Amino acid sequence: MLTINENFIKIPETYLFSEIARRVNQHKAENPDAEIIRMGIGDVTLPLPEASIEAIISAANEQGKSETFRGYGPEQGYDFLRNTIVENDYKSRGIDIKPDEIYVSDGAKSDTGNIGDIFDISNKVAITDPSYPVYIDTNAMAGRAGEPNSNNQWNNIVYIPCNEENSFIPQLPTEKVDIIYLCYPNNPTGTTLTKDQLAVWVKYATENQAVILFDAAYEAYISEENVPHSIYEIEGAKEVAIEFRSFSKTAGFTGTRCGYTIVPKTLFGFTKDGEKISLNKLWLRRQTTKFNGTPYIIQRAAEATYSTKGKEQVKSLVEYYMQNAKIIRTSLEKIGLKVFGGVNAPYIWAKTPNGETSWEYFDYLLKEKNIVCTPGAGFGTSGEGYVRFSAFGNREKTIEAMARISK
Ligand code: MLT
């Protein structure tokens with residue numbers, strides 16, 4: 001008899017954004033004329049930078065000629081992209097990252113979800129609450145989260161609440177943990193940590209031989225000083241942290257798929273016997289076995305985002321979305337909602353106006369205003385009573401959505 005991985009039946013039947021899509025489709029089927037404005041999933045709406053399109057066309061032409069055709073590429077990514085990342089994302093900030101510490105992939109969702117492969121399931125995991133659902137769900141699938149409890153939480157996960165009371169600053173756990181997920185600028189709250197606040201976690205990880213899994217997918221949206229763009233800006237982080245980056249939100253690659261992960265060579269885990277093992281080596285083994293590399297054409301498109309033209313085009317994409325964020329923030333504030341985020345991140349985290357649950361307010365916005373947001377409870381227990389608005393929409397629709405809510 002075939003037996004299944006029963007962890008899959010312990011997690012919610014559908015992934016958060018699939019459940020939202022299901023509800024939206026149902027509403028659309030019942031109201032075919034409804035002009036729905038989508039501010040739910042953080043999916044970009046502007047086209048790819050022109051520089052990337054040119055690179056795609058040129059790389060596609062190369063693939064059409066036998067002299068320049070390429071088959072399997074290196075699983076870790078082509079040198080042209082890894083070297084460009086070193087120069088532009090790290091060297092320019094005074095951070096010493098070597099090309100062979102970079103793993104190019106099909107995005108941060110895959111990498112943050114797959115990274116658990118290299119860690120034993122006995123590790124104690126700490127996750128900020130609310131959080132991007134991939135962190136919890138993938139740990140649950142692996143059996144590392146334990147059992148779900150009546151509070152919709154898992155008995156083996158240490159939840160680090162981030163809420164209004166603690167100004168969305170995660171406090172160190174009181175019990176010892178081994179794996180810590182941090183995402184800054186934060187999805188879903190849009191809030192950030194200063195260098196000193198992040199340094200507290202690096203110190204904790206150093207003292208406890210823990211690893212920080214730092215999701216920096218929204219780094220391009222940082223506008224304020226003293227907000228670290230990379231965890232490696234913090235001294236000692238190269239000994240304790242893995243960093244995930246993505247071209248999805250930076251350059252509109254949500255459907256094009258490219259990201260990368262930094263696994264420093266100075267980062268080690270241990271066998272049960274205490275032998276020190278390089279995490280870079282383990283991730284290399286994992287990727288070369290289970291992943292066959294991001295397509296050449298896509299890596300050329302990602303590389304092009306770092307050209308002079310590419311950088312300007314990326315900057316204007318980011319500015320466009322951040323202008324949307326400002327419109328959302330100020331409109332919601334005007335009608336008396338308490339809002340967070342939206343300054344260094346394309347997400348606005350809003351408290352529901354009359355103490356509704358987040359799904360109640362989600363349903364109200366969908367049914368009465370034809371607006372899709374994301375209910376905070378979908379990101380964890382501490383997200384209850386909040387909803388998230390994405391600033392990745394089209395300008396006119398963003399303005400229209402705010403006008404509908406303000407009415
Ligand atoms: C989100 O809306 O939280 C993100 O778009 C999801 C993702 O990046 O996979």
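Indexing begins at 1, ligand by ligand and atom by atom, following the structure's order. Index from 1, following the sequence. If you're wondering where the values come from, they're calculated on a predicted model, not measured in any experiment. The analysis underlying the following values was restricted to heavy atoms, covering all of them including side chains, and did not include hydrogens, waters or symmetry mates.
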Inset, instruction - Drop me the distance from Arg38's CZ to Ser390's OG, to the nearest 0.5 angstrom. - result: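 Here the interatomic distance stands at 12.5 Å.
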Legend entry - Straight-line distance of Thr250 OG1 to Leu317 CG, nearest 0.5 Å: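 If we round to the nearest 0.5 Å, Thr250:OG1 and Leu317:CG are 9.5 Å apart.
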Inset, instruction - Distance to 0.1 Å, residue and atom name: give those for the protein heavy atom nearest to atom 9 (O) of ligand 1. - result: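 Result: Tyr132 OH, 2.6 Å.
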Hey, does [X] come in under 3.5 Å of ligand 1, counting only N/O atoms on both sides?
X	answer
Phe17	no
Asn187	yes
Asp43	no

Inset, instruction - Can you spot which of Lys351, Glu384, Arg388 makes a side chain to side chain donor-acceptor pair (under 3.5 Å) with Ser358? - result: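 Single pass found, and it is Glu384.
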Inset, instruction - Assign the ring pair Tyr221 / Tyr218 to parallel, tilted or perpendicular, where the plane angle (0 to 90°) is split at 30° and 60°. - result: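 Tilted: the ring planes of Tyr221 and Tyr218 meet at 30° to 60°.
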Inset, instruction - Please check if the distance between the ring centroids of Phe168 and Phe340 is under 6.0 Å. - result: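 Centroid separation for Phe168 and Phe340: below 6.0 Å.
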Provide the number and element of each atom of ligand 1 under 4.0 Å from a heavy atom of [X].
X	answer
Gly42	1 (C), 2 (O), 5 (O)
Lys249	4 (C), 5 (O), 7 (C), 8 (O)
Ile41	2 (O), 5 (O)

Legend entry - Sole candidate of Tyr132, Phe119, Trp201, Tyr135 that passes ring-ring contact (aromatic ring centres under 6.0 Å, His included) when paired with Tyr181: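 Of the listed residues Tyr132, Phe119, Trp201, Tyr135, the ring-ring contact (aromatic ring centres under 6.0 Å, His included) partner of Tyr181 is Tyr135.
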Inset, instruction - May I ask you to identify, for Tyr347, whether its side chain, its backbone, both or neither come under 4.0 Å of ligand 1 on a heavy-atom basis? - result: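 For Tyr347, the contact with ligand 1 is made by the side chain alone.
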Legend entry - Residue part near ligand 1, for Val134, under 4.0 Å between non-hydrogen atoms: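 It is neither part, as no heavy atom is under 4.0 Å.
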Inset, instruction - Decide whether Asn7 and Asn5 meet the rule of one side-chain donor and one side-chain acceptor closer than 3.5 Å. - result: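 Yes, a side-chain donor-acceptor pair sits under 3.5 Å.
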